[in-house]
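Shown next, in structure tokens, is the structure this report addresses.
Remember, predicted model here, so these are calculated numbers, not experimental data. Atoms within a ligand are numbered from 1 in the order they appear, just like the ligands themselves.
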Amino acid sequence: MHDGTSSRSRGRNTRREFLKSAAAVAATGLSAALPLGCGGPKAKPNSRATAPTLSQVNGPRSLRAHAAAHGMLVGCAVNPDRLDGDADYARTVADQCSILVPENAMKWAALRLTAQQFDFRKADDVVVFALSHDQKVRGHNLCWHNALPGWFASTVTRGNAAQFLTQHIQTVAGRYAGKMHSWDVVNEAVDVKSGRPDGLRDSPWLELIGPGYLELAFRAARQADPSALLTYNDYGIELDTQEQIDKRGQVMMLVRRLKARGVPIDAVGVQSHLTAGDAPGAGLVHFVRELREMGLQVFITEMDVNDRKLPDSVPERDTAVAKTYRDYLTMMLAEPNVNTVLTWGITDRYTWLNGLAHASRPDGKPERPLPFDYDYSPTPAFFAERDAIDSRRTGAQPGGDPYAPFKPGQGSPRSQYE
Ligand code: XIL
């Protein structure tokens, strides 16, 4: 294991001291305990004459302040290298978010340099940043078919896979035990196209361990960190297209199987990678309500809105993207068991969509899928997200505890999946 003794020029604690310092931050609640070099408000010049000023979107007007007033959490996926190297990025994340998730830094490929070594430096950076800014952290993720390290295929076999997975979860979830809001324990395990009656994806974990790998992962996670909310996370379950109806149905069946076996699962993450113009509808609302009847929360875990089908005009794209944010979040946040929203990034500058062959714009222009644009000005999507947060009428009251135990409501909808 790396001993992580290098120190940074800005005087951050050494990684060796991480657990001690993070615990101290958590215990004292001193947000200034760890200097992070992202000082007070500093507006970037913006060429758009009508661009909102920073003071219109930070402090009491930030997403996190509005979310707190409604007993909600709001945040984004972050990259520790940007937190370290881009002061505007760090300031925006600090201003706007009450919950962070590492975009890549807690994936197997990031943590497992070799079969024997873990490198927690980047992951620790995210946790330390969050704790020092009074932010929660989601872990992403403990078990996924992607982002497996190069050595995995030649090292992990049917004979040792269950042990590898268990030890990974013990080590990673154990390291951050007591500090995490939630963990994506299993990511994207359902794939209708794999053609199995149980809907499970043909993945290395399925092949090496069998369908029991999900149960194994959730039980190991609960044991390693009894206080984190354990989440099953998936995409392509938002719309009422036949493909997504089928996948959503398989996710529901999976969750039911897990619950029936007493597997510890607390939440379902709906990734919410949408395309401008998408109109999620009744199917997703039924899904959320059925999960609520089962005592599960729903987190919006990775929202962004792709504008690749729209023409070049920025105002046109921004309007359509914002409408999709508004409609989707207003619908979802009307449900009491949806109280946490994360976007997959905070600024268009670093969106993963620009690197995706199948999702980037045919004209090669950068996408505008997030609440802040390339220059850290808030986009119409910012205001749509904030308005949707303000539209919340149900669930926790202002100042309430977003972690209050779930209480099943009345008016149980009949299952769509029976
Ligand atoms: C993506 C990251 O954003 C990229 O930087 C990386 O190259 C690939 O993974 N669903 C997930 C996330 O659960 O982990 C993915 O993140 C996006 C889709």
Side-chain angles (χ1 to χ4, degrees), residues 75-86 89 93 97 99-112 122-123 125-126 137-150 152 168 172-173 180-193 200-201 203-205 214 217 221 229-239 243-244 247-248 251 254 267-275 278 298-308 340-360 366-372 374:
C76 71
V78 293
N79 177 334
D81 293 333
R82 309 295 187 198
L83 289 175
D84 193 26
D86 178 342
Y89 178 83
V93 169
C97 300
I99 185 165
L100 306 183
V101 59
E103 181 170 354
N104 290 306
M106 287 188 184
K107 293 173 181 174
W108 272 68
L111 295 177
R112 307 293 306 260
K122 303 283 183 194
D125 282 350
V126 174
V137 192
R138 306 198 71 238
H140 175 82
N141 52 60
L142 295 170
C143 179
W144 191 27
H145 62 281
N146 272 335
L148 292 169
F152 187 93
H168 179 85
V172 179
M180 303 300 273
H181 162 270
S182 51
W183 266 108
D184 286 332
V185 178
V186 179
N187 197 34
E188 304 180 351
V190 169
D191 174 29
V192 175
K193 289 196 250 3
L200 291 182
R201 177 185 298 272
S203 81
W205 294 115
L214 290 107
L229 296 168
L230 304 186
T231 308
Y232 173 75
N233 193 47
D234 217 330
Y235 69 95
I237 54 175
E238 296 84 7
L239 307 183
E243 190 182 348
Q244 298 213 4
K247 181 161 180 179
R248 194 163 56 227
V251 170
L254 167 64
V268 171
V270 180
Q271 290 187 7
S272 312
H273 293 292
L274 302 179
T275 296
D278 278 350
V298 172
F299 304 138
I300 296 169
T301 50
E302 305 186 13
M303 186 166 183
D304 52 19
V305 178
N306 197 306
D307 65 22
R308 72 179 185 278
T340 300
V341 177
L342 292 100
T343 48
W344 205 242
I346 192 105
T347 163
D348 298 338
R349 183 176 282 252
Y350 302 130
T351 173
W352 74 303
L353 294 177
N354 288 335
L356 275 188
H358 68 274
S360 44
E367 299 246 10
R368 299 177 60 86
L370 290 166
F372 286 84
Y374 190 92

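Geometric assessment of Arg82 against the ring of Tyr350 yields a positive cation-pi assignment under the 6.0 Å and 45° thresholds.
From the protein, the heavy atom lying nearest to atom 3 (O) of ligand 1 is Glu103 OE2, 2.4 Å. Closest to atom 10 (N) of ligand 1 among all protein heavy atoms lies Glu302 OE1, 3.0 Å.
Rounding to the nearest 0.5 Å places CG of Asp191 at 4.5 Å from CZ of Arg201.
Two residues are said to be in side-chain contact when any heavy atoms from C-beta on lie closer than 4.5 Å; Val185 and Tyr232 fail this criterion.
Ring planes of Trp205 and Phe152: perpendicular class, angle over 60° (limits at 30 and 60°).
Side-chain contact annotation: Asn233 with Glu302, donor-acceptor N/O pair under 3.5 Å present. Donor-acceptor pairing under 3.5 Å is lacking for the side chains of Arg138 and Thr340.
Short contacts between ligand 1 and Asn187, defined as distances under 4.0 Å to a heavy atom of the residue, involve ligand atoms 11 (C), 13 (O). Heavy-atom contacts of Trp144 reach the following atoms of ligand 1: 14 (O) (cutoff under 4.0 Å). Contact atoms of ligand 1 toward His273: 18 (C) (distance under 4.0 Å to a heavy atom of the residue).
The shortest N or O to N or O distance between Asn104 and ligand 1 is under 3.5 Å. Every N/O-N/O distance between Asn141 and ligand 1 stays at or above 3.5 Å.
When Lys107, Gln271, His140 are ranked by how near their heavy atoms come to atom 16 (O) of ligand 1, first place goes to Lys107.
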